[in-house]
Each structure stands twice: as C-alpha cells, then as structure tokens.
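To start, the structure itself, in structure tokens.
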Amino acid sequence: MSDIPPSHPRYLSLITRENLVKAAHEGIVAYEGLTSHGRGEAFDYLLGEKTSPSALAAERLAARVLLAAKHPVLSINGNTAALAANEIADLQKSSGAEVEVNLFHRSEERLLKVTKVLEDAGCVLNKGKVERCVPLPHDRGLCDPAGIGSADVVLVPLEDGDRCEALVGMGKIVITVDLNPIDRTSKTATLPIVDEVRRALPNIAAECRNLKETAVEMPVIDNRAILKAVIRDMQEYLEHALD
Ligand code: PTJ
C-alpha cells in the first residue's frame, strides 16, 4: 500500500481506491468493479460528496419498506461487500433482512471470497442451492429460491439496470443504491437511493432503529418524484460549486 498522509485532502477517496484495488487483486472485487467505482465517484462530485436532503428522505422511506416487507433480502455484490461489509451487517441487524451474495462476474471462487468478507463482518447469509429464479440469460439470474427468489423486497446496491428491471418485472419492490440518478438502475427501481453506499446504508439502519417499535405500513413510492428531487439537489449544489 502506498503511504498516503491522512492530511491529504482526498485521503478517504485515495484510501478507498487502494482498498478496492487490493480487493480486486484478492479476487473479491471484479476488475470491472474498479471502473464502476470511478463512475460512482464522478457522480458523487456532482452531489458535493454528501447525502442530499432528497437522498436522506429516500433512505428513510427505504427503512419503512424494509420493515413493512414480509421477506426482505439485501443482495450483495463484490464492490458492496468490499466497501461496506460492516454497514451491511448492521443493516441486517436493524432491519431483520436476509443477506444473499449475487455476482455479475460469477465464479465459485469469488462467491466464497465475498461470502467470507461478509461473514467476517457478522452477516448471516442465505446459502441455499441456487436456481435461475430471475429471468436473465446470465449468471445474475441465479439465486436462492428461498431467498431472493421468494423475496417481496430486494435491496440491490451498485446494480446494473437489467437485473433491477427483471426483479421489478417479477413483482418485487426493488430498492437501489446508485450515485447515478439517470442510470437505468435508478430509473427502473421502485425506490432509487442516489447516495454513496457507505452513507446510504447507515442512514437506512438508523431509521430502522428509530421505527423499530412502530407498526410500519408499506409506503407509496414515486420513482420519478424521488429522482426529480435528487436532480434538483444536484443542480442546487452545482449552482454554488464555484463560490
Ligand atoms: O461483484 P460483481 O461481479 O457482481 O460486479 C459488480 C459490478 C459493480 C462490477 C457490476 O454490478 C457492474 O458492472 O455494475 P455497473 O453497471 O457498473 O453499475 C454500478 C453502479 O454503481 C454505477 O452506476 C455507479 O454509478 C454506482 N456506484 C459505484 N460505486 C458506488 C456507486 N453507487 C453508490 N456508491 C458507490 N460507492
């Protein structure tokens, strides 16, 4: 690892990149995931690298959705595990959701490695035999029929649009976390959260804890209203970005 001084103004970003590169060398993150991260970082600049008011509202709504769900599952890929294993474990505790690994670039070896990262952080994983439960001509369609296959709500951070659309097409409520508000993922999700995954998951977990003793009903969700509010927050930030 290079010797990045904590005083560097981009310390967190640089350390995160180094950790992802290391995770890619170890086979946890797909090499393609490094470019996905770069795309995410670029959009995060446009949001001032902070949770916008509209993203926070979407995160609070996501907590309601997870608590009102009959069978919620957090679907985790290599990038999300490498970035936020502890946050996933905490969200599992606060929401009661199941956790299942689902990989775009799937191999048995990567599955075992991502599983270990999550279990080391305290996650309890669905490990049932997978079947092609999601109609996709690709390994992303493989999932545990008793897990994602029969979930009513699925949280899919850092996902691609195809899988999001296929899950919505199966009648599931799909919550996404993606910094790009005009990605097909955000546009096809039931509830798009446009925020950095390490900011989004703790905000959802905190709201789950706030609501824990309350009887929560499934809220009405308006994808376009959420995305328009995020884009307004982005525009507002950019108006003053050079001040
Ligand atoms: O581990 P695997 O094999 O399942 O592969 C995972 C990746 C991420 C490689 C795969 O799902 C993929 O190719 O995803 P995409 O299509 O690149 O989409 C990832 C999305 O996540 C992009 O639209 C980015 O804007 C967004 N993103 C990247 N990093 C973050 C992020 N959003 C929130 N927080 C981030 N840290």
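For ligands, and for the atoms within them, numbers begin at 1 and follow the listed sequence.
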query: Applying a 4.0 Å heavy-atom criterion (strictly less than), which segment of Asp195 is in contact with ligand 1: side chain, backbone, both, or neither?
result: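 Under 4.0 Å from ligand 1, Asp195 contributes backbone atoms alone.
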
query: So which bit of Glu159 gets within less than 4.0 Å of ligand 1, heavy atoms only: side chain, backbone, both or neither?
result: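 For Glu159, only backbone atoms sit under 4.0 Å from ligand 1.
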
Looking only at distances, can you tell me whether any N or O atom of [X], backbone or side chain, sits closer than 3.5 Å to an N or O atom of ligand 1?
| X | value |
| --- | --- |
| Gly33 | no |
| Leu103 | no |
| Glu196 | yes |
| Val197 | yes |
| Asp160 | no |

field: Chi angles and distances behind the side-chain hydrogen bond (donor to acceptor under 3.5 Å, both in side chains) call for Arg163, Thr185
entry: CA-CA 8 Å; Arg163 180 156 176 264; Thr185 303; over 6 Å; no

At less than 4.0 angstrom from any non-hydrogen atom of [X], what atoms of ligand 1 do you find?
| X | result |
| --- | --- |
| Ser36 | 8 (C), 9 (C), 12 (C), 13 (O), 14 (O), 15 (P), 17 (O), 24 (C), 28 (C), 29 (N) |
| Asp183 | 23 (O) |
| Leu83 | 36 (N) |
| Arg110 | 1 (O), 2 (P), 3 (O) |
| Gly78 | 1 (O) |

So, the side chain of [X] versus the backbone of [Y]: is there a donor-acceptor pair under 3.5 Å, distance only?
| X | Y | value |
| --- | --- | --- |
| Glu207 | Leu61 | no |
| Asp152 | Lys70 | yes |
| Ser95 | Ala97 | yes |
| Ser150 | Pro145 | yes |

I'd like to know if [X] and [Y] make a salt bridge, using a cut-off of under 4.0 Å between side-chain N and carboxylate O.
| X | Y | value |
| --- | --- | --- |
| Asp233 | Lys50 | no |
| Lys22 | Glu18 | no |
| Asp222 | Lys228 | no |
| Glu165 | Arg184 | yes |
| Asp120 | Lys116 | yes |

message: Going by the closest heavy atom to atom 25 (O) of ligand 1, which one wins out of Leu201, Leu179, Asp178?
response: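 Among Leu201, Leu179, Asp178, the closest heavy atom to atom 25 (O) of ligand 1 belongs to Asp178.
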
task: Select the closest option to atom 21 (O) of ligand 1 among Leu158, Val194, Ile182, judged by heavy-atom distance.
output: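 It is Leu158 whose heavy atom sits nearest to atom 21 (O) of ligand 1.
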
message: Considering non-hydrogen atoms of the protein only, which is the closest contact for atom 2 (P) of ligand 1, and what is the distance?
response: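 Answer, as residue, atom name and distance: Phe104 N, 3.5 Å.
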
- prompt: Tell me, which protein residue and heavy-atom name are nearest atom 6 (C) of ligand 1, and how many Å apart are they?
  reply: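 Sorting protein heavy atoms by distance from atom 6 (C) of ligand 1 puts Asn77 ND2, 3.5 Å first.
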
